[in-house]
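What follows is one structure encoded as structure tokens, with my remarks underneath.
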Amino acid sequence: MFEKILAEKVCESINSLYQQTVSSDLVSVQKTRKEFIGDFTVVVFPFTKSSKKSPEITANEIGDFLKAELPIIKSFNVIKGFLNIEFHESEWVNFFFENKNSITYGTDENSGNSKPIVVEYSSPNTNKPLHLGHIRNNLLGYSVANILKANGQNVIKVNLVNDRGIHICKSMLAWQKWGEGESPESSGLKGDHLIGKYYVLFDKHYKEQIAELVSTGISEDDAKKQAALIVEAQEMLLKWEHHDEEVIALWKKMNAWVYQGFDVTYKRMGVDFDKVYYESETYLLGKSLVEEGLQKGTLNKKEDNSVWADLTADGFDEKLLLRSDGTSVYMTQDLGTAELRYDEMLPSKMIYVVGNEQNYHFDVLKLVLKKLGKDWFDAIQHLSYGMVELPEGKMKSREGTVVDADDLIDEMISTAKQTTEELGKTNDFSQAEADELYRMIGLGALKYFILKVDPTKNMVFNPKESIDFNGNTGPFIQYTYARIQSVLRKAEAQYNSEEVLDAKEIALLPKEKELLRLLYEFSQVVKIAGDILSPAIIANYVFELAKEYNQFYHEIPILKEPNLALLKFRLHLSAFTANVIKISVNLLGIEVPERM
RNA sequence: GGUCUCAUAGCUCAGCUGGAUAGAGCAACAGCCUUCUAAGCUGUGGGUCGAAGGUUCGAAUCCUUCUGAGAUCACCA
């Protein structure tokens, strides 16, 4: 890496010129801004303390040293405290030859040997269909897993399905009462949507009952607890915990419907898992951990038999871990599944892709594990992503403002179809080819729209404005790829990726140099994205790359270039760019078409 | 009320551990298809980086205070 070589040489120069030692990671080597001549810029302000000279003089002295020591440097110039260094063009051409044909360029293939990283994402409830918030979660989890793999990590993707609890009992009860045996087959509804329908129905009737009770003079809080429906639902949950055959059978039937529905949505989103956990199978695990904590005296039991962790010393409150009736809460379950996961896979890290509304939960989770003496507590990393909001604020299922995942995907694909047909792009496509293209573009637009935003930040989605296909979008990037493929197809006679080109014939134009420069940065982009778990880094990079290529494409002729060596170079440069575009978007879970 | 996050162009967002004159896209306006795919390219306008202090050679970035928005603090998950 050029930056590393430069940084180390700069340290040497400080040592040699001023007899001072500087650590190489304190040296700031950055890309030279376009308005100046050079490839890399060293900021010399920090070294003026060592040199006791002005920034300009210091920069010149370091520049002289570097130039004398490193033959790869062609020239340097100094502007204020900035030392701009220009490499010989051959360095960039060499970089090009070394990497242009690598289908794994920028990624680390040495995976599999290290301790695994577990990435948990999706983690749906089985009482309603997935919505836009889940889409962000799924796309993030899937992409982060890809990015970690590209960084040489052994990644295990897991899903923890929240398949038990009062919420699913509500749907079950409503279906029992008013469903009249309705099934996905009889209704034509997708299983998860069918269940969601009864969850909403439950809530509707429940609210009516509450209102009725309130009108008889009962307080709202009491009404919420006394309403017949909620009491019945709780009875059902109790029956479930006691393995009541009828309830279990109903539960299995309805969950199966939901899973059929989820599978369709997962498949359409293009996400998958290496392992699926079901909370119904793991929810009891936490209890033994809590018992252990009680024995050790790190947890305490109150008079009513409820068990608590006292976290006041760490600036938190007390946290309930077992209810007075001995049943476990969300936190208890998470303690159990965390330990199960750790014991099963001995991971170096356990990443949980969970919304930022649960920041407190994860702080407490780690703290309780620490209290319980689990020294691996720090392996837990909460990838806390921001909410997807509507222009008027948070999505609310009660107000019907939730953007349904399936609906949105349908809309994206049909918009892609309409737009593509208007442009006449698929006139010579077969129906199957065309449909595949619409799917790719629609999903590409959606995925890019979600993933280009910094995961930690809340983002806004306006349902009234459809997601764009022009500008900083997925289809723009897909289009650039397809455009390159088109050129390569036209150049069949001149293009052979294996052909050895003559480096001496190649003189880089500014746009070509900039393209190469961007391609060079890719491996660092992958590394940063992996370090901070941010697909947005990749998304913004690949947009930049596509934009740069389009400028090159418009400015410089490829197939009409009279010099055959240059023509071939540009074809290979185009192919290299297409390759990096493909690798990049694949990290985001986006596919690229050969034609569009 | 306690804790935590966020605030950058009309809108949606970049701006990596502090570095040169804060960038894109959309929207608006003006151009470019007898020439490799116009889902493209070029140009114009648009900013007190929420406000005020501070640290620094240097602050959108770090610290403090204030304003505004949001999250969270359940014997819910």
Side-chain angles (χ1 to χ4, degrees), chain A residues 25-26 28 30 32-33 35-36 41 43 45-46 48-49 55 79-82 84 123 125 162 165-167 279 302 304-308 315-317 319-325 327-331 333-334 355-361 363-364 384 386-387 389 391 393-394 416 419-420 422-423 425 441 445 449 452-454 456-462 465 468-480 482-491 524-525 528-529 531-532 534 536-537 539-540 543-544 546-547 550-551 553-561 570-571 574 595-596:
Chain A
D25 46 312
L26 289 178
S28 160
Q30 49 198 257
T32 302
R33 294 176 63 128
E35 56 266 39
F36 305 106
T41 294
V43 184
F45 291 108
T48 54
K49 279 194 192 106
I79 293 165
K80 296 199 274 182
F82 300 92
N84 301 318
S123 312
N125 291 345
N162 184 359
I166 191 75
H167 54 86
E279 220 177 83
K302 295 200 172 172
D304 63 357
N305 272 333
S306 59
V307 180
W308 298 75
F316 292 84
D317 297 327
K319 180 71 196 176
L320 177 90
L321 295 178
L322 285 180
R323 297 189 184 99
S324 48
D325 64 3
T327 56
S328 59
V329 294
Y330 176 48
M331 181 63 70
Q333 299 166 27
D334 253 13
N356 61 15
E357 55 198 354
Q358 294 195 35
N359 286 352
Y360 180 81
H361 172 77
D363 287 343
V364 172
S384 163
M387 299 290 102
E389 291 170 347
K394 219 181 160 184
T419 309
T420 308
E422 277 168 13
L423 291 168
K425 296 274 189 181
I441 295 174
F449 177 82
K452 75 171 178 180
V453 180
D454 180 342
T456 64
K457 290 190 177 171
N458 290 358
M459 62 179 292
V460 175
F461 172 79
N462 188 345
E465 298 169 7
D468 246 304
F469 285 33
N470 297 323
N472 188 358
T473 66
F476 168 83
I477 294 157
Q478 292 170 315
Y479 173 77
T480 307
R483 180 180 242 182
I484 294 172
Q485 297 312 310
S486 168
V487 174
L488 295 178
R489 275 194 301 274
K490 284 229 161 71
Q524 293 151 72
V525 166
I528 293 170
D531 286 346
I532 65 173
S534 173
I537 302 283
N540 286 305
F543 169 63
E544 193 71 27
K547 205 167 50 162
N550 279 315
Q551 290 168 8
Y553 177 91
H554 277 272
E555 250 179 56
I556 302 171
I558 302 172
L559 299 175
K560 290 193 190 60
E561 169 59 47
R570 286 172 196 159
L571 286 171
S574 297
R595 289 198 296 157
M596 76 180 267

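The analysis underlying the following values was restricted to heavy atoms, covering all of them including side chains, and did not include hydrogens, waters or symmetry mates. Residue numbers start from 1 in every chain, and the chains themselves are labelled A, B, ... in the order their sequence lines are given, proteins ahead of strands.
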Subject >> A/Phe45 over B/rG58, stacked by centroid distance under 5.5 Å, angle under 30° >> reply: no
Original post:
Is A/Phe82 stacked on the base of B/rA20, meaning ring centres closer than 5.5 Å and planes within 30 degrees of each other?
Top reply: yes
Original post:
Can you check side-chain contact (heavy atoms from CB on, under 4.5 Å) on A/Ser574 and A/Ile558, steps first, answer last?
Top reply: CA-CA 9 Å; A/Ser574 297; A/Ile558 302 172; 3.9 Å; yes
Original post:
Just checking A/Pro46: base, sugar-phosphate only, or nothing, at a heavy-atom cut-off of under 4.0 Å?
Top reply: base
Original post:
Reading nucleotides 3-18 of chain B 5' to 3', which nucleotides get B (base under 4.0 Å from a protein heavy atom), which S (sugar-phosphate only), which -?
Top reply: ----S----SSS-B--
Subject >> Interatomic distance at C1', B/rA71 relative to B/rU65, whole Å >> reply: 23 Å
**OP:** With sequence neighbours left out, write down each residue that passes ring pair (Phe, Tyr, Trp, His ring centres under 6.0 Å) with A/Tyr330, or none if nothing qualifies.
**Re:** A/His361
**OP:** Tell me what A/Phe316 touches on the nucleic acid: a base, only sugar-phosphate, or nothing, going by heavy atoms under 4.0 Å.
**Re:** nothing
Original post:
Who pairs with A/Phe45 by ring pair (Phe, Tyr, Trp, His ring centres under 6.0 Å), at least two apart in sequence or on another chain?
Top reply: A/Phe82
Original post:
Base, sugar-phosphate, or nothing: which does A/Ile556 touch, judged by heavy atoms less than 4.0 Å apart?
Top reply: base
**OP:** Can you run through RNA chain B from 5' to 3' and write each base as (, ), [, ], | or . depending on how it pairs? Watson-Crick or G-U wobble, both distances under 3.5 Å.
**Re:** (((((((..((((.....[...)))).(((((.......))))).....(((((..]....))))))))))))....
Original post:
Hey, does A/Val43 reach any base, or is it just sugar-phosphate, or nothing, if we go heavy atoms under 4.0 Å?
Top reply: base
**OP:** Establish, with yes or no, whether the OP1 or OP2 oxygen of B/rA38 is under 4.0 angstrom from a side-chain nitrogen or oxygen of A/Arg483.
**Re:** yes
Subject >> Test salt bridge (charged side-chain N to carboxylate O under 4.0 Å, His left out) applied to A/Asp531 - qualifying residues, sequence neighbours left out >> reply: A/Lys527
**OP:** For A/Glu555, enumerate each residue passing the salt bridge (charged side-chain N to carboxylate O under 4.0 Å, His left out) test, keeping only those at least two apart in sequence or located in another chain.
**Re:** none
Original post:
Using the C1' atom in both, what is the distance from B/rA14 to B/rG25, to the nearest Å?
Top reply: 10 Å
Original post:
Reckon A/Thr41 touches a base, only the sugar-phosphate, or nothing at all at heavy-atom distances under 4.0 Å?
Top reply: base
Original post:
Does a side-chain N or O from A/Arg323 land closer than 4.0 Å to OP1 or OP2 of B/rA77, or not?
Top reply: yes
Original post:
Hey, does A/Phe476 reach any base, or is it just sugar-phosphate, or nothing, if we go heavy atoms under 4.0 Å?
Top reply: sugar-phosphate
What protein N or O atoms touch nucleotides 31-35 of chain B N or O atoms at under 3.5 angstrom, if any, and at what distances?
| from | atom 1 | to | atom 2 | distance (Å) |
| --- | --- | --- | --- | --- |
| B/rU35 | O2' | A/Lys560 | NZ | 2.3 |

Original post:
How is A/Asn84 classified with respect to the nucleic acid when contacts are heavy atoms under 4.0 Å: base, sugar-phosphate, or nothing?
Top reply: base
Original post:
Between B/rU72 and A/Tyr360, is there an OP1 or OP2 to side-chain N/O distance shorter than 4.0 Å?
Top reply: no
Original post:
Can you tell me how far P in B/rU44 sits from the matching atom in B/rU8, rounded to whole Å?
Top reply: 25 Å
Subject >> A/Thr473 vs A/Lys490, nearer the 5' end of RNA chain B by closest nucleotide >> reply: A/Thr473
**OP:** Report the distance from atom CD of A/Glu561 to atom P of B/rC36, rounded to the nearest whole Å.
**Re:** 16 Å
Original post:
Could you state the CD1-C1' distance from A/Ile166 to B/rA77, rounded to the nearest angstrom?
Top reply: 12 Å
**OP:** From the options B/rC76, B/rU37, B/rA39, select the nucleotide whose nearest atom is closest to the side chain of A/Asn470.
**Re:** B/rA39
Original post:
Closest nucleotide of RNA chain B for A/Lys80 versus for A/Lys49: which of these residues is on the 5' side?
Top reply: A/Lys80
Original post:
For A/Arg33 and B/rG19, what is the distance between atoms CZ and C1' respectively, to the nearest whole Å?
Top reply: 9 Å
**OP:** Ignoring hydrogens and angles, state whether a donor on the side chain of A/Gln30 or A/Ser28 is under 3.5 Å from an acceptor on the partner side chain.
**Re:** yes
Subject >> Ring-face cation of A/Lys302 near A/Trp308 (centre distance under 6.0 Å, axis angle within 45°) >> reply: yes
Original post:
With sequence neighbours left out, what residues match A/Glu357 under salt bridge (charged side-chain N to carboxylate O under 4.0 Å, His left out)?
Top reply: A/Lys394
Original post:
With no hydrogens and no angle check, is any side-chain donor or acceptor of A/Arg595 less than 3.5 Å from a backbone partner on A/Ser486?
Top reply: no
Subject >> Non-neighbouring partners of A/Tyr553 that pass ring pair (Phe, Tyr, Trp, His ring centres under 6.0 Å), sequence neighbours left out >> reply: none
**OP:** Would you classify A/Glu35 as touching base, sugar-phosphate or nothing, given that sugar-phosphate means primed atoms plus P, OP1 and OP2, and contacts are heavy atoms under 4.0 Å?
**Re:** nothing
Original post:
Roughly how far apart, to the nearest Å, are B/rU34 and B/rA30 at atom C1'?
Top reply: 24 Å
Original post:
Since syn is defined as within 90° of 0, does B/rC33 count as syn or as anti?
Top reply: syn
Original post:
Within this structure, what is the CE-to-P distance between A/Met596 and B/rA39, rounded to whole angstrom?
Top reply: 8 Å
Subject >> A/Tyr330 side chain, from C-beta outward: closest of B/rA77, B/rU21, B/rU37 >> reply: B/rA77
**OP:** List in chain and number order the residues that pass ring pair (Phe, Tyr, Trp, His ring centres under 6.0 Å) with A/Tyr479, two or more places apart in sequence or in another chain; answer none if no residue qualifies.
**Re:** none
Original post:
What integer distance in Å separates A/Glu555:CD from B/rG40:P?
Top reply: 17 Å
Subject >> For A/Ser384, side-chain hydrogen bond (donor to acceptor under 3.5 Å, both in side chains) partners two or more places apart >> reply: A/Asn359
Subject >> Spacing of the C1' atoms in B/rA28 and B/rU35 (rounded, Å) >> reply: 31 Å
Original post:
Can you find a side-chain donor-acceptor pair between A/Asn305 and A/Ser324 that sits under 3.5 Å?
Top reply: no
Original post:
So does A/Lys425 get a side-chain nitrogen or oxygen closer than 4.0 Å to the phosphate oxygens (OP1/OP2) of B/rA39?
Top reply: yes
Original post:
By salt bridge (charged side-chain N to carboxylate O under 4.0 Å, His left out), which residues pair with A/Arg489, not counting sequence neighbours?
Top reply: none
**OP:** Please confirm whether A/Phe469 and A/Phe476 have ring centers closer than 6.0 angstrom.
**Re:** no
Original post:
Ignoring hydrogens and angles, does a donor from either the side chain of A/Thr420 or the base of B/rA39 sit under 3.5 Å from an acceptor on the other?
Top reply: yes
Subject >> Atom pair distance, as rounded to whole Å: CD1 in A/Ile484 and C1' in B/rU37 >> reply: 12 Å
**OP:** Using the C1' atoms only, state how far B/rA22 lies from B/rG15, rounded to an integer number of Å.
**Re:** 8 Å
**OP:** Could you measure between the two C1' atoms, the one in B/rA27 and the one in B/rA20, and give it in whole Å?
**Re:** 31 Å
**OP:** Could you work out the separation of B/rA39 and B/rA52 based on their C1' atoms and round it to a whole Å?
**Re:** 47 Å
Subject >> Given B/rA24, B/rA77, B/rA71, the nucleotide with the shortest approach to the side chain of A/Lys547 >> reply: B/rA24
Subject >> For atom CG of A/Asp468 and atom C1' of B/rA24, their distance in whole Å >> reply: 13 Å
Original post:
How many Å lie between CZ on A/Phe469 and P on B/rG25, as a whole number?
Top reply: 19 Å
